[in-house]
Visitor: 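I am attaching a structure below and will ask some questions about it afterwards.
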Amino acid sequence: MSTGDCEAGVMMTMTCASCGIAEADDIKLKECTHCDLVRYCSDKCQENYTSQHKEACMKRAVELRDEVLFKQPESS
């Protein structure tokens with residue numbers, strides 16, 4: 001996802017899950033490496049938000065893993 005992903009014609013601005021700072025030219029947000037659901041502006045923000053994010057993160061990580069494991073091969 002990028003800064004300006006478009007959903008139903010509405011521009012969405014990505015923000016840090018912990019502090020709420022918006023992504024800008026000088027601020028690049030890093031995605032959670034396990035689930036890709038949230039983004040963080042710094043390692044400190046990621047540490048601060050871990051306890052709130054852990055349950056949803058683990059659930060989404062399992063969903064992503066299952067998608068890969070059970071993906072049907074394309075027929076040729």
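All values below were derived from every heavy atom in this structure, side-chain atoms included, with hydrogens, water molecules and symmetry-related copies excluded.
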Visitor: Using the test side chain to side chain contact (heavy atoms under 4.5 Å, CB included), find all partners of Ser18 that sit at least two apart in sequence or belong to another chain.
Guide: Cys16, Cys45, Asn48, Tyr49
Visitor: Is the backbone of Met14 close enough, under 3.5 Å, to the side chain of Glu23 for a donor and an acceptor to pair up by distance?
Guide: no
Visitor: To the nearest 0.5 Å, how far apart are CG in Leu29 and CD1 in Ile21?
Guide: 8.0 Å
Visitor: Under 4.0 Å between a side-chain nitrogen and a carboxylate oxygen: does that hold for Glu63 and Arg60?
Guide: yes
Visitor: According to side chain to side chain contact (heavy atoms under 4.5 Å, CB included), who are the partners of Asp66, at least two apart in sequence or on a separate chain?
Guide: Val62, Leu69, Phe70
Visitor: Taking all non-hydrogen atoms of both residues into account, name the closest pair between Ile27 and Cys41 and its distance.
Guide: CG2-CB, 4.4 Å
Visitor: Show me, pair by pair, the donor-acceptor contacts under 3.5 angstrom made by side chains of residues 51-59, not counting sequence neighbours?
Guide:
none

Visitor: What is the minimum heavy-atom distance between His34 and Leu64, and which atoms define it?
Guide: O-CD1, 3.8 Å
Visitor: Can Val38 and Gln46 be said to form a side-chain contact (heavy atoms from CB on, under 4.5 Å), step by step?
Guide: CA-CA 10 Å; Val38 297; Gln46 185 174 6; over 6 Å; no
